[in-house]
Amino acid sequence: MDARTAGPGAGTRRAAALAAGLLCAAALALVALAPTPAGAQVEGAAVYDRWCAGCHGVDGDGQGPAAGRMLPRPRDFTVGLYQIRSTGTGELPTDEDILRVIDEGMPGTAMPGWSEVLTRAERNALVEYLKTFSRFFASSPEPEPLDFPRAPGSSEEKLVRGREVFELIECNRCHGPAGRGDGTSSPTLENDEGHPTVAADLTEGWMFNGGGTVEDIYRRLRTGLDGTPMPSFSDLVDAEVISSEDLWSLAHYVRSLSPGERPPVREVVTARFAEEGPVPTTPDDDAWDEVERYWVPMVGQILLPPRWFNPRVDGLWVQALHDGQELAVLVTWSDPSRSPDPAWDEWATKVMEVMDHPDAGSTAGAGPGDRLTVQFPATATEGMERPFFLQGDARRPAYLWTWRSWQAGPVEAEARGLGAEQPQPADGQDVTTAAVWEAGQWRVLFSRSLTTEGEDDPPFAVGTAIPMAFQAWDGDNGEQGAQGSVSTWYFLSLQQPTPMAAYVAPVVALALAFGLLLLMVRRAQRREEGAQAPASRV
Ligand code: HEC
Ligand code: HEC
């Protein structure tokens, strides 16, 4: 085993890898494994046939047996077209460029990283072997990396200028006003193979295929991503439409749209006790700015047919608050369209045509809309026992909250298996939702009382860890039914209120305690009086 995996921090890395690895693992399972050759000499061909050919094809033409299920498709190495280069647009990559992609993979696509699977010697041998698939490498001079100065420092003015340049040279046309891939051209973007292509979400810099540092971004702007609609902007600098400083300011601005690094994956989502009063009732409430965000990575649903290898939603930000009475869970995620949106119909149709979907259940075009489901166990769990994370099973049902962009309700349901959900009756719906779509982002708020009168509503007890999982669908990406993205289980933990005594002098606390006692007595009396009246929520 690689010594690095055993170092400190390996735990968090493993947690993060767990979710992301799900997709890769299944993709790899599709790859037919050939036996390992014996002998000390590392043969690129043997390593390639074993690990790469299942996707990229034995002949390097991108036509491996698993290729039809992926979007983007595995690279066809015979044409010598590479996205991640330090060289000018249209040029071949250097050996270091190819090695980098092999080491780190291409986040957001099926291309895994290999630095922890293969030895350095094996990866070097692969670089040499990949180059043999295209005659261009033998017939062209050694590719020269473009020479850039080091990144200048950032400043408020540079970020403001960067934002101006973003609009001036129309990055927003594809990437949208806030960088979430919702530009006016987005529904029409195609790569060189004619396959629908998503403009990168610039608020998730850790997913950039060529790296997320300011230098990486600047280099991408100079080189472009060959084979995709993402152009090189070197010609604008050469023609003095913008200066190189402007391009650096732009790179700083793009960098500023994402967190400093890949957000850590934490198993426990804490619902803070809202000391300042009742929980917010809208996703826009400023109070949310003060509430901690938890990143929940999402992967395509590939455990049960019909599987889905082209998920749009790659992660959610989750925030939660409670006030002792009410629980509020706010879920925020990037989605370039407010489905259903006719502007994206053609896109969805193309996606479904391109995705080879032998599994029954797939349909031709857009799904009915966007959807988010939050799942909890329907019955109190013993110890760490949780239902199957895809909407439970016969023995351990799941309790679901579902928000749909195309209809108001019902929100609460019980499920005993994927797609086998039974909505609770209309008069038993205790969850409310409020949703906003703006600049390529959904913010959906779910609220429910900690305890309800519904028999099928599990209570949310303060101080316990409640298993919680998510599913998301983008209708305009053709997603519906089992074809969407899923998370693994997390725990929702409702924070205990800070004891009164910590704030107020003991005497005052004592008085308050008596006051509270009185209040409780009075409330109990009133309840008795009102016993005949119809039940109402407290
Ligand atoms: C599970 C499928 C899968 C496997 C296995 C796989 N790849 Fe890929 N690979 C892809 C996909 C998909 C892309 C295209 C991603 C894109 O276009 O954004 C890709 C792209 C690439 C690229 C192009 C980089 C660029 O700059 O354009 C290289 C190089 C590459 N893979 C090398 C390898 C090597 C070497 C192996 C074996 C060690 C391998 N891949 C195994 C799916 C796979
Ligand atoms: C014509 C549409 C289009 C325009 C204009 C455009 N982009 Fe892109 N951009 C894309 C697409 C599509 C991708 C994703 C390509 C892929 O990985 O398949 C992308 C990817 C990116 C990436 C991710 C790079 C990586 O390493 O994965 C960054 C950063 C980026 N664009 C920034 C910009 C900036 C800044 C501008 C303006 C100067 C810009 N783009 C203009 C379409 C566009």
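We count ligands from 1, going down the list as the structure has it; atoms in each ligand are counted the same way.
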S.K.: Return the closest protein heavy atom for atom 35 (C) of ligand 2 as residue, atom name and distance.
M.R.: Leu221 CD2, 3.4 Å
S.K.: Enumerate the atoms of ligand 1 whose separation from the nearest heavy atom of Pro72 is less than 4.0 angstrom.
M.R.: 12 (C), 15 (C), 16 (C), 17 (O), 18 (O)
S.K.: Any nitrogen or oxygen of Arg75, side chain or backbone, less than 3.5 Å from one on ligand 1?
M.R.: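 Yes; at least one N/O pair falls below 3.5 Å.
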S.K.: Identify, by atom number and element, the atoms of ligand 2 in contact range of Ile169, meaning under 4.0 Å from any of its heavy atoms.
M.R.: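 So the atoms of ligand 2 that pass are 38 (C).
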S.K.: Answer with yes or no whether Met106 contacts ligand 2, where contact means a heavy atom under 4.0 Å from a ligand atom.
M.R.: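 In this structure, Met106 fails to qualify as a contact of ligand 2 - no heavy atom is under 4.0 Å.
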S.K.: Can you list the ligand 1 atoms lying under 4.0 Å from a non-hydrogen atom of Ile102?
M.R.: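 It comes down to these atoms of ligand 1: 35 (C).
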S.K.: Which bit of Val47 gets closer than 4.0 Å to ligand 1, counting heavy atoms only: side chain, backbone, both or neither?
M.R.: neither
S.K.: Would you please test Gln319 and Glu292 for side-chain contact (heavy atoms from CB on, under 4.5 Å) and show each step?
M.R.: CA-CA 6 Å; Gln319 293 169 283; Glu292 187 154 11; over 6 Å; no
S.K.: If we only count heavy atoms from C-beta on, is the Ser86 to Arg219 side-chain gap below 4.5 Å?
M.R.: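 Ser86 reaches Arg219 side chain to side chain.
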S.K.: Taking only heavy atoms of Leu130, which atoms of ligand 1 are found under 4.0 Å from at least one of them?
M.R.: 29 (C)
S.K.: As an exercise, identify every atom of ligand 2 less than 4.0 angstrom from a heavy atom of Glu170.
M.R.: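 Counting from 1, the qualifying ligand atoms are 5 (C).
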S.K.: Suppose the criterion is salt bridge (Lys or Arg N to Asp or Glu O under 4.0 Å): which pairs have a residue in residues 93-102, not counting sequence neighbours?
M.R.: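 Sorted result for residues 93-102: Asp95-Lys131, Arg100-Glu104, Arg100-Asp216.
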S.K.: Which label fits Trp344 and Trp347: parallel for a plane angle under 30°, tilted from 30 to 60°, or perpendicular past 60°?
M.R.: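 Geometry flag for Trp347 against Trp344: perpendicular rings.
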S.K.: Show your working on side-chain hydrogen bond (donor to acceptor under 3.5 Å, both in side chains) between Glu122 and Thr119 and close with a plain yes or no.
M.R.: CA-CA 5 Å; Glu122 287 172 321; Thr119 64; 3.3 Å; yes
S.K.: Closest non-hydrogen protein atom to atom 17 (O) of ligand 2, residue and atom name please, with distance?
M.R.: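 I find the closest protein heavy atom is Gln83 OE1, 3.7 Å.
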S.K.: Which residue supplies the protein heavy atom nearest to atom 16 (C) of ligand 2, what is that atom called, and how far is it?
M.R.: Thr228 CG2, 3.9 Å
S.K.: Going by the closest heavy atom to atom 25 (C) of ligand 2, which one wins out of Val254, Asn209, Asn191, Ile84?
M.R.: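 Answer by nearest heavy atom: Asn209.
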S.K.: From the options Trp114, Phe309, Tyr129, Phe77, select the one whose nearest heavy atom is closest to atom 41 (C) of ligand 1.
M.R.: Trp114
S.K.: Which residues satisfy the ring-ring contact (aromatic ring centres under 6.0 Å, His included) test with Tyr129, sequence neighbours excluded?
M.R.: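 If we apply the ring-ring contact (aromatic ring centres under 6.0 Å, His included) test to Tyr129, skipping adjacent residues, the hits are Tyr48, Phe133.
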S.K.: Would you indicate whether Glu193, at its atom CD, is surrounded by more than 12 heavy atoms from other residues, nucleotides or ligands within a distance under 6.0 Å?
M.R.: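 Yes, CD of Glu193 has more than 12 neighbouring heavy atoms, counting only those of other groups under 6.0 Å.
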S.K.: Heavy-atom contacts with Leu126 under 4.0 Å: which atoms of ligand 1 show up? List them by number with element.
M.R.: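 The list of qualifying atoms is 35 (C), 38 (C).
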S.K.: Could you tell me whether the side chain of Thr223 and the main chain of Gly88 form a donor-acceptor pair under 3.5 Å?
M.R.: no
S.K.: Listing residue and atom name, which protein N/O/S atoms are closer to atom 8 (Fe) of ligand 2 than 2.8 Å?
M.R.: His175 NE2, Met230 SD
S.K.: Does Asn477 use its side chain to pair, donor to acceptor, with the backbone of Asn310 at less than 3.5 Å?
M.R.: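 Between the backbone of Asn310 and the side chain of Asn477 there is a qualifying donor-acceptor contact (under 3.5 Å).
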S.K.: Considering only heavy atoms of Met70, which atoms of ligand 1 have at least one such atom less than 4.0 Å away?
M.R.: 1 (C), 2 (C)
S.K.: Please step through side-chain hydrogen bond (donor to acceptor under 3.5 Å, both in side chains) for the pair Asp76 and Thr78, ending with a clear verdict.
M.R.: CA-CA 6 Å; Asp76 171 358; Thr78 63; 2.6 Å; yes
S.K.: Would you check whether Tyr48 reaches within less than 4.0 Å of ligand 1, judged by its heavy atoms?
M.R.: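 No, that is not the case, since the closest heavy atom of the residue is not under 4.0 Å from the ligand.
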S.K.: Could you check atom 26 (O) of ligand 2 against the protein and tell me its nearest heavy-atom contact, residue, atom and distance included?
M.R.: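 Protein heavy atom with the smallest distance to atom 26 (O) of ligand 2: Gly210 N, 2.8 Å.
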S.K.: Does CD in Glu167 sit with more than 12 non-hydrogen atoms of other residues, nucleotides or ligands closer than 6.0 Å?
M.R.: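 Correct, the count exceeds 12.
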S.K.: Taking CD in Glu267 as the centre, count heavy atoms belonging to other residues, nucleotides or ligands within less than 6.0 Å. Is the count above 12?
M.R.: no
S.K.: Have a look at Leu236, Val198, Asp246, Thr197 and point out the one with the heavy atom closest to atom 14 (C) of ligand 2.
M.R.: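 Ranked by closest heavy atom to atom 14 (C) of ligand 2, first place is Val198.
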S.K.: Do the side chain of Gln301 and the main chain of Leu304 share a donor and acceptor less than 3.5 angstrom apart?
M.R.: yes
S.K.: Could you check whether any side-chain heavy atom of Trp406 comes within less than 4.5 Å of a side-chain heavy atom of Pro340, counting everything from C-beta outward?
M.R.: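 Yes, close enough: below the 4.5 Å cut-off.
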S.K.: Restricting to salt bridge (charged side-chain N to carboxylate O under 4.0 Å, His left out), what partner residues turn up for Asp226, sequence neighbours left out?
M.R.: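 Expected list: Arg85.
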S.K.: Among all protein heavy atoms, pick the one closest to atom 29 (C) of ligand 2 and tell me residue, atom and distance.
M.R.: Phe208 CE1, 3.6 Å
S.K.: Quick check, are the ring centers of Trp317 and Trp288 under 6.0 angstrom apart?
M.R.: no
S.K.: Near atom 8 (Fe) of ligand 1, is there an N/O/S atom from His56 that is less than 2.8 Å away?
M.R.: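 An N, O or S atom of His56 is closer than 2.8 Å to atom 8 (Fe) of ligand 1, so yes.
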S.K.: Output, in order, the C-alpha distance, side-chain angles, deciding distance and verdict of side-chain contact (heavy atoms from CB on, under 4.5 Å) for Trp473 and Trp308.
M.R.: CA-CA 11 Å; Trp473 291 260; Trp308 189 232; over 6 Å; no
S.K.: Which atoms from ligand 1 have a heavy atom of Tyr82 less than 4.0 Å away?
M.R.: 25 (C), 26 (O), 27 (O), 29 (C)
S.K.: Can an N, O or S atom be found in Met111 less than 2.8 Å away from atom 8 (Fe) of ligand 1?
M.R.: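 Met111 does place an N, O or S atom closer than 2.8 Å to atom 8 (Fe) of ligand 1.
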S.K.: Should Gly54 be listed as contacting ligand 1, given a heavy-atom distance under 4.0 Å as the test?
M.R.: no
S.K.: Under 4.0 Å from a heavy atom of Ala110: give me the atoms of ligand 1 that qualify, with their elements.
M.R.: 1 (C), 2 (C)
S.K.: With the side chain counted from C-beta on, respond yes when Ser485 and Val299 share a heavy-atom pair under 4.5 Å apart, and no when they do not.
M.R.: no
